[in-house]
Amino acid sequence: MTELLKAEHLSKNFGGLKALSDINITVFDNEIFGIIGPNGAGKTTLFNNITGFDIPSEGKVYLEGKDMTEKNVTLFCKEGIARTFQNIRVFSQMTVLGNVLVGMHKNMTSSMLQTILRTPSQRREEREAYDKAHEVLKILGIDNVADKLANCLPYGTQRKVEIARALISRPKVLLLDEPTAGMNPQETDDLMHLIAKIRDLNITVIVIEHNIKFMLNLCNRIAVLNFGQLLALDVPEKVKVNPEVIKAYIGEGEE
Ligand SMILES: Nc1ncnc2c1ncn2[C@@H]1O[C@H](COP(=O)(O)OP(=O)(O)OP(=O)(O)O)[C@@H](O)[C@H]1O
Ligand SMILES: [Mg+2]
């Protein structure tokens, strides 16, 4: 197992509020790593601080051993981090294909002049981008709506468009912030299989979710946050019987 993404003594303060306190987490190559915890526990804040969207107040962030603390989001992307957001972010007036191609941007090398002149190399790059976009849409099972405007699609499909856009850059780590929010049980089940399929493409997945059953079935390990603290970090079988976790989050009698 190779260490991929690591948060070391990571804290984040917003004024007097300690949103994260001394978090130590290591995510290994090729695992599905879950993050659970009550509302306001610090899950999204943790995502923001390990993807370059925010800078930790204290502590370090490493990607494959490289110190990424205080690096900006563009550098995180270049190093192979891609994410989706808790609140859906699709370009509603663009087609599904267009939305996905946006995620390709960092991999394109043609200059503005080459693009205007439509040189052979620029055309080849464009064709390759289209092929890759269709390939990713196929993986997600939404190739059939490639030409549809994003805002004409059901919510669950829009969520998949976001994932497709993140995937097209072939990230090493994909972070999903509440990907099943607003999905019906069937869509949720589909997404669980899809995440397993993504991991099988050698992409490490870190996922935040409130649906505890989904997480216990899907994840290799789960971190539990509560009031900005790491309450537990373990395999699902141990997390679900951890008394502190049950008290803070899962609730008695539930699974
Ligand atoms: N930019 C910010 N400025 C001030 N406070 C913030 C900011 N972002 C988050 N917080 C606070 O930090 C705490 C953690 O918020 P965060 O969004 O990380 O929680 P969460 O675990 O993702 O919750 P949810 O399950 O509701 O998405 C909350 O008390 C929140 O109000
Ligand atoms: Mg959140």
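Note that ligands are numbered from 1 as they come in the structure, with each ligand's atoms numbered from 1 the same way. Residue numbers start at 1 and run along the sequence shown. Computed from heavy atoms alone, side chains included, the values below leave out hydrogens, waters and symmetry copies.
- Inside a 4.0 Å radius of atom 31 (O) of ligand 1 there is not any protein heavy atom.
- Of the charged side-chain nitrogens involved, at least one lies within less than 4.0 Å of a carboxylate oxygen, so that Glu64 and Lys172 count as a salt-bridged pair.
- Among the atoms of Gly37, none of the N or O lies under 3.5 angstrom from an N or O of ligand 1.
- Among protein heavy atoms, the minimum distance from atom 28 (C) of ligand 1 is reached at Gly40 O, 3.9 Å.
- Proximity of Leu17 to ligand 1, defined as any heavy-atom pair under 4.0 Å, is confined to the side chain (atoms from C-beta onward).
- Judged by the 6.0 Å distance and 45° axis criteria, Arg83 is positioned over the aromatic ring of Phe53.
- Here the heavy atom of the protein found nearest to atom 3 (N) of ligand 1 is Phe14 CD2, 3.5 Å.
- A donor-acceptor distance shorter than 3.5 angstrom exists from the side chain of Ser57 to the backbone of Asn13, with no hydrogens or angles considered.
- Taking a cut-off of 2.8 Å, the protein N, O or S atoms nearer than that to the Mg ion (ligand 2) are Thr44 OG1, Gln86 OE1.
- With ligand atoms numbered from 1 in the order given, ligand 1 contributes 25 (O), 27 (O) to contacts under 4.0 Å with heavy atoms of Glu178.
- At the top of the distance list for atom 15 (O) of ligand 1, counting protein heavy atoms only, stands Thr45 OG1, 3.7 Å.
- Under the 3.5 Å distance criterion, with hydrogens and angles disregarded, a donor-acceptor pair is assigned to the side chains of Glu209 and Thr180.
- With Leu174 as the fixed residue, the side-chain contact (heavy atoms from CB on, under 4.5 Å) test singles out one of Ile81, Ile206, Ile163: Ile163.
- Annotation: Ala19 places no N or O atom under 3.5 Å from an N or O atom of ligand 1; distance criterion only.
- Closest to atom 25 (O) of ligand 1, if we only count protein heavy atoms, is Lys43 NZ, 2.7 Å.
- Considering Leu46, Asn49, Asn39 only, the shortest heavy-atom separation from atom 26 (O) of ligand 1 involves Asn39.
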Original post:
Given Thr44 and Gln86, is the side-chain hydrogen bond (donor to acceptor under 3.5 Å, both in side chains) satisfied, shown in steps?
Top reply: CA-CA 8 Å; Thr44 299; Gln86 187 163 353; 2.8 Å; yes
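- Residues His9 and Glu58 bring no donor and acceptor atom of their side chains to less than 3.5 Å of each other.
- Separation of atoms CG (Leu63) and NZ (Lys6) is listed at 12.5 Å; rounding is to 0.5 Å.
- Among protein heavy atoms, atom 17 (O) of ligand 1 sits closest to Thr44 CB, 3.8 Å.
- Atoms of ligand 1 lying under 4.0 Å from at least one heavy atom of Gln86, given by number and element, are 24 (P), 27 (O).
- Taking the ring centre of Tyr130 as origin, the terminal cationic atom of Arg127 falls outside the region bounded by 6.0 Å and 45° from the ring axis.
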